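When a ligand or atom number is given, it counts from 1 through the structure's own listing order. Worth saying up front: this structure is predicted, and the values here are computed from it rather than measured. By convention here, the first residue in the shown sequence is residue 1.
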Amino acid sequence: MNGTTGWIGGQGCLPAAMMALEDVNNNENLLSGYYLNITWNNSQCDPGLSSAVLYDLIYTPPNKTLILGGCSIVCSTIAETAKMYNLIVIGYGSSSPALSDRKRFPTFFRTHPSATIHNPTRVKLFKKFKWTRIAIIIEAEEVFVTTGKDLEIKCKEADIEIVTRVSFLDDPTEAVKSLARQDARIIVAMAYGGAARKMMCEAYKNGLYGKQHVWFLIGWYEDNWFHPSSGINCTMDEMLAVVEKHFTTEALMLNQGPEITIAGMTAKDWLHEYQKQLPKYKEWFPHGEKPQEGFQEAPLAYDAIWAVAFALNRSIARLNELGMSLDDFDYEKKEITDIIKSELQRVQFLGVSGDVAFNDIGDRISWTLIEQMINGTYQTLGFYDTATDNLTWLDREQWYINGRVPKDRTEIVPTL
Ligand SMILES: CC1(C)CO[C@@H](CC(=O)O)CN1
């Protein structure tokens, strides 16, 4: 994924949604008298196309009850329009913090956590390692700019100083040089994978790595994101040196425990089932290509369908009491939307992506995964549950100087 094409993970998520549809429709205790159906279309993470697709879905019978959306820029476009039709939108692939704006998006919910979910985890780790002097570097994309602003607020609340914040559009050279000039030691970087590759090569050239520096990067890049490619004038050894020992944070999208989830099996077993189902959809990849994106978010799409099913199921009963039914929804009856929306707010179940629940602004509450690059591969260091401030730490972190946590500033050693 990069800032220009956007995330096209719907291709990996739709099979998961279809699996959930089958499971929901086979569940005798849900939606009695109804059959949940999906009319799908591919917005290609293109806001313009998504508007055309949305209007086509609205003006082509039968009436749609809710809309599911993928990437952030599509969800922003369709959720802003959908509210005019009293349509609820659920994002399974949208991380932009802007979507938490309840004024702009009053009918928007998402099973994909906002990118701000990283920030309480970052602050928790700063406190754990007693770092109170942090630098921030950002690729100038809306999702990172808004997440960076949220991080600054959370650092201020925790009495952690932001010693510098720099950003770049395409070339990170000057921004990285500025970090070096400011003697930045603990650095949080927010960028897409391609920009992060360029940035870390510049970090190597400026000596911003090794025993005196700790980088916090994003954890959802492709596994080989740091391998040199065209336009990167660093060798593999140089890239391995500069990324060694960096930390990553990311939203946890697959339940880690042995519990039986809403799918009637553990999340890990569900993932095997999902992978077995994929060949059924190979006509979506006419040249035999594997979906490049959407595997990681597939559990979010599966759980989104279950959240819809539970909310509609409860709404049927409430509408019956009012002498109404879901069939009465015609994009005009806001009272039906309000009932479905209030039932979505009450949704709570163990999905394959973990506990599924929405906070009061429709955002997903989730755990985060913390990893560290150790000898060129990512190792799990722990998990953090923002809701309960619970850090599960595995004591696997490694530093260049055994046991010595790097300092967040140059130490002034008093001379006698
Ligand atoms: C973890 C990631 C890759 C973050 O971007 C999301 C896409 C978007 O927010 O547009 C999909 N999931």
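- Between E297 and ligand 1, an N or O atom pair is found at a separation short of 3.5 Å.
- The existence of a salt bridge linking K177 and E174 is confirmed by a sub-4.0 Å separation between a basic side-chain nitrogen and an acidic carboxylate oxygen.
- Interface of C71 with ligand 1, defined as ligand atoms under 4.0 Å from a residue heavy atom, comprises 10 (O).
- Residue S94 has no nitrogen or oxygen atom sitting less than 3.5 Å from a nitrogen or oxygen atom of ligand 1, judged on distance alone.
- Defined by atom type and a distance below 3.5 Å, a donor-acceptor pair is present between the side-chain atoms of Y302 and D23.
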Throw together a table of side-chain donor-acceptor distances under 3.5 angstrom for residues 50-57, partners on residues two or more places apart or in other chains.
from : atom 1 : to  : atom 2 : distance (Å)
S50  : OG     : P47 : O      : 2.6
S51  : OG     : P47 : O      : 3.3
D56  : OD1    : T60 : OG1    : 3.3

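- Distances below 4.0 Å separate heavy atoms of S72 from the following atoms of ligand 1: 8 (C), 9 (O), 10 (O).
- For ligand 1, the polar-atom distance check finds no N/O of Q296 at less than 3.5 Å from any of the ligand's N/O atoms.
- Which parts of ligand 1 touch S95 is read off a 4.0 Å heavy-atom cut-off, strictly below it: atoms 4 (C), 5 (O), 6 (C), 8 (C), 9 (O).
- In this structure, the side chain to side chain contact (heavy atoms under 4.5 Å, CB included) partners of S342, at least two apart in sequence or on a different chain, are R318.
- Side-chain N/O atoms of R409 and T132 include a donor and acceptor closer than 3.5 Å.
- Under 4.0 Å from ligand 1, the heavy atoms of H112 that appear belong solely to its side chain.
- Relative to the ring axis of F109, R102 places its NZ or CZ within 45° and under 6.0 Å from the centre.
- When each atom of ligand 1 is checked for a heavy atom of G93 under 4.0 Å away, the hits are 6 (C), 7 (C), 8 (C), 9 (O), 10 (O), 11 (C).
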